[in-house]
Amino acid sequence: MRKLISIILLGMVATGLFMSISQIPFGEPGERIGDHFINQGVNETGATNIVAAVVVSYRGFDTLGEVSVLFTAAMGLGAVIGLVRRKKTHTPIEPASLIVYTGCRFLFPVILLVGTYIVIHGHLTPGGGFQGGAVIASAFLLMYLGCRGKRIRENLSRGLESLGGLLFILLGVTGLVIGRDFLFSFLPEGEAGNLISAGIIPLIYMAVGLKVGSELTGIIDHLIEDTDELPE
Amino acid sequence: MVIVLVLQILFVTLLSCLVGLFLIGLSRKMTARIHWRYGPPLSQPFIDIVKWFSQTAVSHGKLFDAGMIFSLTGSVVVVLFLPFGGICPLRGSGGLLVILYLMLIAPLGIALSAGEAANPYASIGVSRKLQLAFGYELSLLMILLSLMTYYRTVSIVDIVEAQIQSGWSLVQLPLVVSGLAYLLIMPAIMGIRPFEMIQAPQEISSGPMAEYGGKFLAFATLQHALNIYIGLSLFVNLFLGGGSNAGYFLIKLLLAFMVFQVIHAVWPRFRIEQAVRCLWRWPALLAFIGLIIVWVTTS
Amino acid sequence: MVNPVLFIVVPLGLAFAIPLLKYISKKIIRFVPALAFLFNLIFALRLIPVVMDHQVHVQIGGFIPPLGINLVAGPVGMLFVVLIALVGFLVSIYAFHPIKEKDEDRYHILYMLQLTGATGVVLTGDIFNLFVFFEILCLASYSLVAYLGNRAGIESAVKYLIQGSLGSGLILIGIGLLYGQFGTLNMADIAGRIHSVQSISVYVPLVLFITGFGVEAALFPLNAWLPDAHSSAPSTISAVLSGIAIEVGLYAVLRVVFTLFGITHMMGLFLLLGVLTLLIGELCAFSQDNIKRMLAFSSIGQIGLLVFAFSLASTLGIAGGFFQLISHTLGKALLFLAAGYMIAHTGSMEIASFQGMGKRMPFTSLAFTIGAFSMVGLPPFMGFPGKFMILKAALHDGQMLTLILLVFILIATVIEGAYFFRVVQVLYFAGEDLPDRERAPVAFSRFVPMFLFTGLIIVLGIYPSLITDLLDASALELLDRPDFIKSIIP
Amino acid sequence: MKLEILLAVVFGGSLLTYLLGKISKRARDILAILVLLAATAGIASLYGRSSTAILCTGFLDFPLVLRIHPFAWIFALTIAVVGLCAVIFSWHYIRKKGRTDFFYFMMLLVISSMIGIVLSGDFLSFYIFWEIMSWSTFLLISYNREEAIAAGMKYIVMSVAGSLVMLVGMISLYTQTGTLVFEGITRNLNSASSGYLQFILILFFVAFGIKNAIWPLHVWLPPAHSEAPSPFSSVLSGILIKIGTFGFILLIYGIVQVQVFVNLGHALFNVRNLLLLLGAVTILLPTFIALLQDDAKRLLAWSTVAQAGYMILGIAYGTSESLSGGTLHFFNHALFKSLLFMVVGAVEFRTNGVRDLNSLGGLIKKMPVTFAAGLIGVCGLIGVPLTNGFVSKWLIYHTLIVNHSPFLAFVALLGTWGTILYSYKLIHHIFLGQLPRKYEQLNAAPVSMKVPMIFLSLAVVVFGVLPGLPLHVINLSEIGFGMEPLAINMWGVVTGSGTIQMLNIATALTLGGIVLWLFFRMGRKNTRADQLDNYAAGAPVPADRYQYSVKFYDPLTSMIAPYLKDTADNFYSALARGIRNVGNGIRRIYTGDVGNYVMYIILFLAILIFIQLYWKVW
Amino acid sequence: MNFLSEYTYYIGAFSLIIIGLYIILVKKNLMKVIIGFSIFDTGIYLFLIAVGYLREGTAPVFSKPGLDAGKMVDPVPQALVLTAIVIGVAVLALAVILAIKIYAHYGTLNLRKIKEQRW
């Protein structure tokens, strides 16, 4: 009965959607603000990776909102779990096998390096703060899977998190302080292609990378703690 | 001019009391005659009143006396408003409505004094008296309203003069039904059999009169006499043309009384619910039809 | 005059800073939200006279509107910013007293983020940015509903999350469709081009937006989450949810309907929807015996009334709608705070357990009664001018449909009166008479917000003309689209 | 004294009383009485003057105007006087009870809002004061806890419904005439079609009918009056009901102009006949329901409903005599009804809470002054000639008969006889008959209760004997309404087709009384017998005390009881139950299962899309 | 016929969305509903990217100097998707945690049984 109703309803929604996309030509180059970004993107912002330019400088406010969404999620998680202090004594878990242990000890710094590379070169090559941060977080995830029982210090990750956020906001506010708009890139674009270029985009991306990395690790850390005390 | 008024007032009150008492005596004499016995002398009520006044009465408190005086005053004042033949002392100050309202002072006064007497039997009597009054009021109101609508006036004196020109209203075509209804409720108004459960001597122990003795009994009888007089005079004035002078008026009064006295002599006494049911059935229907006829014809 | 961006950035910055402040001292964290919203309140109030004659536009990142994101601080926007700042500030004072004994920094951060999201939604002029801030508001609300961690809170939070994120998904599809057709994300830009396209492909995004934002704005079939969320959240949060979150959802629907799509001939549909929501909200509230669920259903009812007022699409109707919106926000926030304080005292949410509260907590019961009387619309309080303006607009409108719906509104108001007065009677007159001395002390942090709310309700009830000119300006902004478009895209 | 100062004094006074109550109870009582004294003096000083004053220039860009004219003056004075008596009466009555500050605050608030209503010059201030009166009355009615809560709820729901209907009527008048001030509305209302006028009349008729307790809308009154504290129920019954009457008069005579009202709409089915019919039913049914009541205050409450019917008859009939009859009856009823409630209140105070008629009796020995006041009040209620009720009833009967509508007159007169029955029942069960053993040590009503009672009973008698005083002021107001006034002199009414001169009736009664009293004293001195030493005509005298009160008018009441079930009340409770069940049914929509909730969202989306696909709404 | 070939991406995206919705509507288990959400989100992201796609377009990154601007894909939807994905992650993380807590409280994930908050 429920299936039948949902099929009928979804059929109606689908017809609506299909009727509406008849106006949107697939693949044809309609006049869009994207063309402006592609043509003038490099010389306006100095970043070769146009997507990064759009994400950070043109629509920087979205990214700020983006970061605060992630921050809300992290805080929400912490609030819902409601764990205050990490309980020292918890059920002993058998250590991972030797191969896995040494493998992850070896791989951990490499993944970290790759992550930071992606963050730093966000404005040049595809990637950026979010993707780099995710990679960094995956490094820590590997640590948790590999050598059980090791934990990052709780308030370190939280400190880094809020530091990244504050850095982002301070960069934005300096734009205001110097009399221009919020998130105005006050640094020189520099010569496209090399590392120190594209105004404040790299700085923002570093702040975002720092924040996303520490945040996702925090989330993973919370999730792992929480699974310990689940009723068997 | 004021002296004439005072004289008229004295004349009307005294005469009405005398007529009332005489009628009570007459009714006793007639009932006795119908019952094949001699019956007390005509002047028996006067003798009783004198006797009662000489006895020491038992009183239950100030309201007990005040209530009785209040009720008798009410009846006396009503008499002043009713035209006695040509004379109507308080002609200009309010018509039938005022009479109607003044007529309710008497039962109220007796009810208050009987209530004060704190005798449960007296309270039962009072409740019966008020129920009976309410019983016949239903039809009486309709009859009076039909009269007032027919003659387009509220004052009773105008009605009497109108009847002098155009003849008795009993015979006027639209008022016949109301007149009939009035005939049916007359015994209840006067409190004579078949509606005698309040004044009847046999009911004395559970009537409002239970606690009355001596002066109070005298006042109660006087009040009963005036009540009979008022009922009859209303009937005569409203339906039988009221008489141009006192003589005609008294004759008509006597004739009307004789008619009801005959019924009084032979009829048994109703219980209170039979009385109310009887009053609310035929007389009310007739009065209602009368009112409709009058309303339709004179609109 | 301050740059409107700061209304979003300052609370956000402080929210990010709280974890760091924890190192300095645990005590001051409780005062940070109050500080942030006091700042917002003061500067927003200073900005209102400026906004009254011309809209303030702010580009982010120095790029002109269709390319970058721009903030539009018109009378409507500032009206909401002031409202959010005011309620946020007062409720944050109420929250000086900790809700759960454990450290509260997460609560304060989420609380600030929720209201920042709301301020962002109200100010932004870009649909994707609207979606992002809307998402912050919803996400913070989900976690705050689950904050107490008890059985009811978690269940309501899950249900709220599922329905909310479904709504957000639909909004995202709508944004995709709009971008596909018009190639721009700026509201004014889209508004300018909306009529150049064949109808069905514009209608579907409209419907998607209405459904998506409608979930948060608690229109009839979409508001199943509201009763559970408001009754199981901590009372400060239900005050904010009822006072601000659904109003901001309604603002988003209004902005979409009036400015973005500018439809004025489909209003009959919304009139019916509004009255349906009103009737269902009031009828359900009538048969509740849990006080917070009753207040939640009454919020649904009031939202129905607001939708009816706004869909009259006349300056009178919209100004009346805004006035009733403000009176509902203040009234409902006061009711939830008072009810929360009483629940904390009696321990149970059942109305029957509030017997004799008039003696034990005289001030809170007085505040609750004034809030209830204002919601029903009795004269000396703020509800009356609101209802009066809506009725005037409806009768001015004069169509047959409006008059018939008016009858239903009257019935609903009578029902609303019935269940509010029942609670007032339980407070003062039910149960046996307690001796006077048994009076519970009123904590200072609980006294100030309730006192200020009550004061505002009475002052605005007696002198409504204080804010009517702001309301007329905002009605004008919503109604004449072309001037809104011209001012942003020259 | 300017109008807005008067209102400021009264409203400020009520607030001050509440605050002062926190400091010293006695000061608060005195202040309450002073405030009302000042109000009475202020209103009295406005006699005969008709002026307007601006209360506040712009509330939602509507001017709030105050207006005083003779017609409003009568109402204002009655409100102030009866309010003053009630507050004096509650000096002792409320002392032992709880929450006395709240009681005084609400009492003064009700009285001041009523004065506000009467003095208002435009519909908006009229409505604002009306609502303040409603909710403060609600709080006062539910003051007595247990059953008073249901009574309060019933009252407030009906009065909120009524005031909403009035609000709609008021605003539609605004849309029609462009202004809310009464003069403005009367000026440009003549352009309105008769259908629109009838619609407006129906709306206002419902709103004022609820407050005036016309038959189908009277349901809240009996429980409200019997559960409210006695001083308040005397205010409630005496004057609050009459605010509806004031509204009627204002609407029919002030705004819609009576000649327009009289010949409005179809010959038979128009608002006037509807009003007259309902007025007649309001007289008949409640009078006989009052007969069946065993609770003193409920009996009086039903009697208020009945007396309100007389006023409606008077007002709706449209001639100047009927208007003066209706208004005079309002004035008289305010006096004797509040007196009666005070009498019952005093008895209730002394026997601490006993209102059941069957368990009282014989209190005349213990509370003679209260009895005297009660007797005069009852005579006023019946309309015994020397009291004020008689004149107003006579006026109403006279117009009905002369203007050829005898059936209405019949109903009214029958109502009077019903009044006699239940008033005697009230007096007999409380004061007459045998004194129960437990009330032997009862002492008389305290002085603070005696003063207002004596004052009111004097007023009842004085205005009974000298009806010219109130009639003169009523004439002034009728001239204000543009109708030709009544030919009156100090002692009564002199109309062509029937005059009443209270002078003659009064002298006749007093002289007759004195003569008969002398005649009575002529005989032997009576011996006093103890109350219980009764004559039982031989039947054994019952040892303990018997009071004949249960089923007092039994054969009559058992005959009419089956016809007197309060159908309106059953209808409303059925309606309330229906709404509750619907509510319960509807809330089942929220089943608690997220699957359904998500289904609703997609359903909403699908419906909107279906609408577009099917009907091309866009 | 060209409809199918021309709009394959859109059809793919919408079918993912419809499947996701179907799962949310029909499934009893909370985790399956959450999975349904992720499918629903993926469908939306695919639709957003499809909107910005250009036939034979390259990624909008000027890694090598000689790239032609005209052939590049529209970067804006990609920016939007980037933000939307992170929002999706945040919501899913919260959903999972709440699912864990639900299981801790109720002992079951069957949505038809978690019905205490109703009416």
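Just so you know, these numbers come straight off a predicted model, no measurement behind them. Just so we're on the same page: letters track the sequence lines, and every chain starts at 1.
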J.: Go through the atoms of C/E155 and report whether side chain, backbone, both or neither lie under 4.5 Å from a heavy atom of chain E.
T.: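 Contact with chain E: backbone and side chain both.
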J.: So, for C/L166 and E/F37, which heavy atoms are closest and what is the spacing to 0.1 Å?
T.: N-CE2, 3.6 Å
J.: Just how far is it from atom CD1 of C/I154 to atom OH of E/Y103, taken to the nearest 0.5 Å?
T.: 16.0 Å
J.: Tell me the closest heavy-atom pair linking C/Y179 and E/V51, and the distance in Å.
T.: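 Here C/Y179 and E/V51 meet closest at CD2-CG1, 3.9 Å.
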J.: Give the member of C/N290, C/I136, C/L172 that has the highest number of heavy-atom pairs under 4.5 Å with chain E.
T.: C/L172
J.: When heavy-atom pairs shorter than 4.5 Å are enumerated against chain E, which of C/S287, C/S168, C/S165, C/G180 gives the highest number?
T.: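 When all of C/S287, C/S168, C/S165, C/G180 are compared, C/S165 has the most.
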J.: Please check if atom NZ in E/K115 has more than 12 non-hydrogen atoms from other residues, nucleotides or ligands closer than 6.0 Å.
T.: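 Above 12, so yes.
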J.: Can you tell me how far CG of E/L111 sits from NZ of C/K159, rounded to the nearest 0.5 angstrom?
T.: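 CG of E/L111 is found 8.5 Å from NZ of C/K159.
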J.: Applying the side-chain hydrogen bond (donor to acceptor under 3.5 Å, both in side chains) criterion to C/R151, which one of E/Q117, E/H105, E/E116 satisfies it?
T.: E/E116
J.: Could you tell me which portion of E/I34 (side chain, backbone, both or neither) has an atom closer than 4.5 angstrom to a non-hydrogen atom of chain C?
T.: neither
J.: Starting from the C-alpha separation in whole Å, work towards a yes-or-no answer on side-chain contact (heavy atoms from CB on, under 4.5 Å) for C/D228 and E/R118.
T.: CA-CA 7 Å; C/D228 314 342; E/R118 59 173 182 262; over 6 Å; no
J.: Indicate the atoms forming the closest heavy-atom contact of C/G176 with E/L48, along with that distance.
T.: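 Heavy-atom minimum between the residues: CA-CD2, 3.5 Å.
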J.: Which bit of E/I102 comes within less than 4.5 Å of chain C, counting heavy atoms only: side chain, backbone, both or neither?
T.: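 For E/I102, backbone and side chain are both near chain C.
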J.: Where does E/L80 contact chain C at under 4.5 Å (heavy atoms): side chain, backbone, both or neither?
T.: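 Backbone plus side chain of E/L80, per the 4.5 Å heavy-atom cut-off to chain C.
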J.: Rounded to the nearest 0.5 Å, how far does CD1 of E/I87 lie from CZ of C/F131?
T.: 4.5 Å
J.: Report which part of E/I44 has an atom under 4.5 Å of a heavy atom belonging to chain C: side chain, backbone, both, or neither.
T.: side chain
J.: Determine the option with the most heavy-atom pairs under 4.5 angstrom with chain C, choosing from E/L30, E/L94, E/V33.
T.: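 Among E/L30, E/L94, E/V33, the one with the most close pairs to chain C is E/L94.
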J.: Based on non-hydrogen pairs under 4.5 Å, which of E/Y45, E/F47, E/Y106 is most in contact with chain C?
T.: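 Counting heavy-atom pairs under 4.5 Å, the top option is E/Y106.
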J.: May I ask you to test the E/V76-C/F128 pair for a side-chain heavy-atom distance under 4.5 Å?
T.: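 Counting from C-beta outward, E/V76 and C/F128 never come under 4.5 Å.
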